[in-house]
There are 2 protein chains.
Amino acid sequence: MFQLDYMDHSPLYEQIKEKIKALIISGVLKPNEKVPSVRELAQSLTINPNTIHKAYKELELEGYIYSVRAKGSFVTPINNKINQARKDDLLLEMEKLVSELAYMNIPKEQLISRIEELYGRGRQRNND
Amino acid sequence: MFQLDYMDHSPLYEQIKEKIKALIISGVLKPNEKVPSVRELAQSLTINPNTIHKAYKELELEGYIYSVRAKGSFVTPINNKINQARKDDLLLEMEKLVSELAYMNIPKEQLISRIEELYGRGRQRNND
DNA sequence: TTAACTGTACTATATCATATATAACAGTTT
DNA sequence: AAACTGTTATATATGATATAGTACAGTTAA
């Protein structure tokens with residue numbers, strides 16, 4: 001499914017979170033699709049199942065997946081209403097980033113055209 | 001100068017980095033202006049000088065301040081050429097953020113208008 | 001010159017986060 | 001029944017974080 005980057009010094013469970021999140025955002029993992037089981041992913045990455053579980057638990061808290069006991073974990077269908085706190089966090093984080101990029105004299109046109117591109121990609125969005 | 005947020009669970013030295021960086025980016029701290037000494041800031045925040053030093057050391061690595069032995073630490077004047085790696089990091093981080101916001105159906109116009117505002121603020125930038 | 005200030009560099013210690021190993025429980029599926 | 005799910009728990013090891021304390025080297029002002 002993906003590999004861990006051993007040059008990355010962030011915690012394993014954080015890396016796993018980011019990888020799964022990226023697969024969801026990019027549309028590789030579809031809404032309600034099953035993600036690998038805790039033990040299966042642990043085995044394929046050669047790490048401890050508890051570490052996978054920690055990553056999944058946080059992904060669930062942030063609204064990216066939902067887990068059903070004895071069944072598995074699945075991609076949460078998008079819903080505009082939930083997770084307002086998460087949205088606020090992301091927007092705040094983006095404001096800090098943009099302030100920093102502005103401070104470094106990165107032309108704002110560069111940022112805006114990049115945004116247009118990124119929004120252009122996955123236009124087929126739904127609200128299940 | 002500023003206070004630490006004890007609801008924030010990130011390491012103290014990270015918080016200090018963020019606070020100082022914010023003061024520099026917002027223009028409160030001007031180029032070549034002195035930042036508090038290691039011991040002075042440690043005392044005013046009631047934390048260990050070693051922790052301040054770690055924060056300053058990283059701020060120096062990232063190019064925000066420079067330290068002169070026996071004199072103090074000072075805000076680095078902006079230079080478009082240095083710190084290309086840092087810029088690349090920030091741009092990559094922004095792309096991840098924007099992808100996530102797009103996935104959450106945040107209208108891109110909202111992001112763009114926010115960027116315009118943030119760029120509008122500190123237009124008086126120089127290249128010393 | 002002295003005293004007080006700077007950044008920097010150590011050692012030692014305590015605590016918490018991270019990751020592992022291992023085991024078990026409860027429910028589902030075939 | 002067997003094999004799979006998520007979940008929970010204990011124990012253990014390691015590294016990051018933070019503190020306390022001391023010291024060195026250079027600067028600045030009295």
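Per chain, numbering begins at 1; letters A, B, ... match sequence-line order.
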With [X], which residues qualify under side chain to side chain donor-acceptor pair (under 3.5 Å), at least two apart?
| X | result |
| --- | --- |
| A:Glu100 | B:Tyr64, B:Arg86 |
| B:Thr51 | none |
| A:Glu116 | B:Lys108 |
| B:Lys19 | none |

(request) Quick one: which residue pairs count as a salt bridge (charged side-chain N to carboxylate O under 4.0 Å, His left out) with a foot in residues 89-98 of chain B, not counting sequence neighbours? (result)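 Only A:Glu18-B:Lys96, A:Arg114-B:Glu95 qualify under salt bridge (charged side-chain N to carboxylate O under 4.0 Å, His left out).
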(message) If you take any heavy atom closer than 4.0 Å to DNA chain D, which residues from residues 45-56 of chain B end up in contact?
(response)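 Per residue number, the list reads B:Ile47, B:Asn48, B:Asn50, B:Thr51, B:Lys54.
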(request) Could you state whether A:Val28 and A:Ile25 fall into the same hydrophobic cluster, counting links through intermediate Ile, Leu, Val, Met, Phe, Trp or Tyr residues with side-chain heavy atoms under 4.5 angstrom apart? (result)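 Per the 4.5 Å side-chain linkage, A:Val28 and A:Ile25 are co-clustered.
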(message) So, OP1 or OP2 of D:dG6: does either fall under 4.0 Å of a side-chain N or O from A:Ser67?
(response)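 So the side chain of A:Ser67 is outside the cut-off, no N or O lying under 4.0 Å from OP1 or OP2 of D:dG6.
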(message) Does D:dA18 have its OP1 or OP2 closer than 4.0 Å to a side-chain nitrogen or oxygen of B:Tyr13?
(response)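 No, B:Tyr13 has no side-chain N/O under 4.0 Å of OP1/OP2 on D:dA18.
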(message) Test of understanding: with salt bridge (Lys or Arg N to Asp or Glu O under 4.0 Å), list the residues that count as partners of A:Lys17, not counting sequence neighbours.
(response)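 In terms of salt bridge (Lys or Arg N to Asp or Glu O under 4.0 Å), with neighbours along the sequence ignored, A:Lys17 is linked to A:Glu58, A:Glu62.
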Using whole Å, report how far [atom1] of [X] lies from [atom2] of [N].
| X | N | atom1 | atom2 | result |
| --- | --- | --- | --- | --- |
| A:Lys57 | D:dA9 | NZ | P | 10 Å |
| B:Glu58 | D:dA18 | CD | P | 11 Å |
| B:Lys34 | D:dT27 | NZ | P | 15 Å |
| B:Gln43 | D:dT19 | CD | C1' | 16 Å |
| B:Gln15 | D:dT17 | CD | P | 13 Å |

(message) Strictly by side chain to side chain donor-acceptor pair (under 3.5 Å), give each pair with a member in residues 33-48 of chain B just once, sequence neighbours left out.
(response)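 Those involving residues 33-48 of chain B are B:Asn48-B:Asn50.
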In residues 6-14 of chain B, what donor-acceptor pairs under 3.5 Å come from side-chain atoms, sequence neighbours left out?
residue : atom : partner : partner atom : Å
B:Asp8  : OD1  : B:Ser10 : N            : 2.8
B:Asp8  : OD1  : B:Ser10 : OG           : 2.7
B:Asp8  : OD2  : B:Ser10 : OG           : 3.3

(request) Quick one: name the residues clustered hydrophobically with B:Val68, using the 4.5 Å side-chain heavy-atom rule over I, L, V, M, F, W, Y, and just say none if it's on its own. (result)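 Joined to B:Val68, directly or through intermediates: B:Tyr66, B:Phe74.
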(request) Give me the residues of residues 2-12 of chain B where at least one heavy atom lies under 4.0 Å from an atom of DNA chain C, by number, or none. (result)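 DNA chain C contact set from residues 2-12 of chain B: none.
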(message) With heavy atoms of chain B within less than 4.0 Å as the criterion, where does contact along DNA chain C begin and end?
(response)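 That gives a stretch of C:dT6 to C:dC10.
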(request) Quick one: closest heavy-atom pair of B:Pro31 and B:Pro77, and the distance? (result)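 Between these two residues, the closest heavy atoms are CB-CA, 4.0 Å.
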(message) Pick the closest DNA chain C nucleotide for A:Ala70 and for B:Glu60 by heavy atoms, then say which residue is nearer the 5' end.
(response)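 Its nearest nucleotide being more 5', the pick is B:Glu60.
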(request) Return the 5'-most residue of the pair A:Arg39, A:Lys71 with respect to DNA chain C, ranking by each residue's nearest nucleotide. (result)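 Going by which nucleotide is closer to the 5' end, it is A:Arg39.
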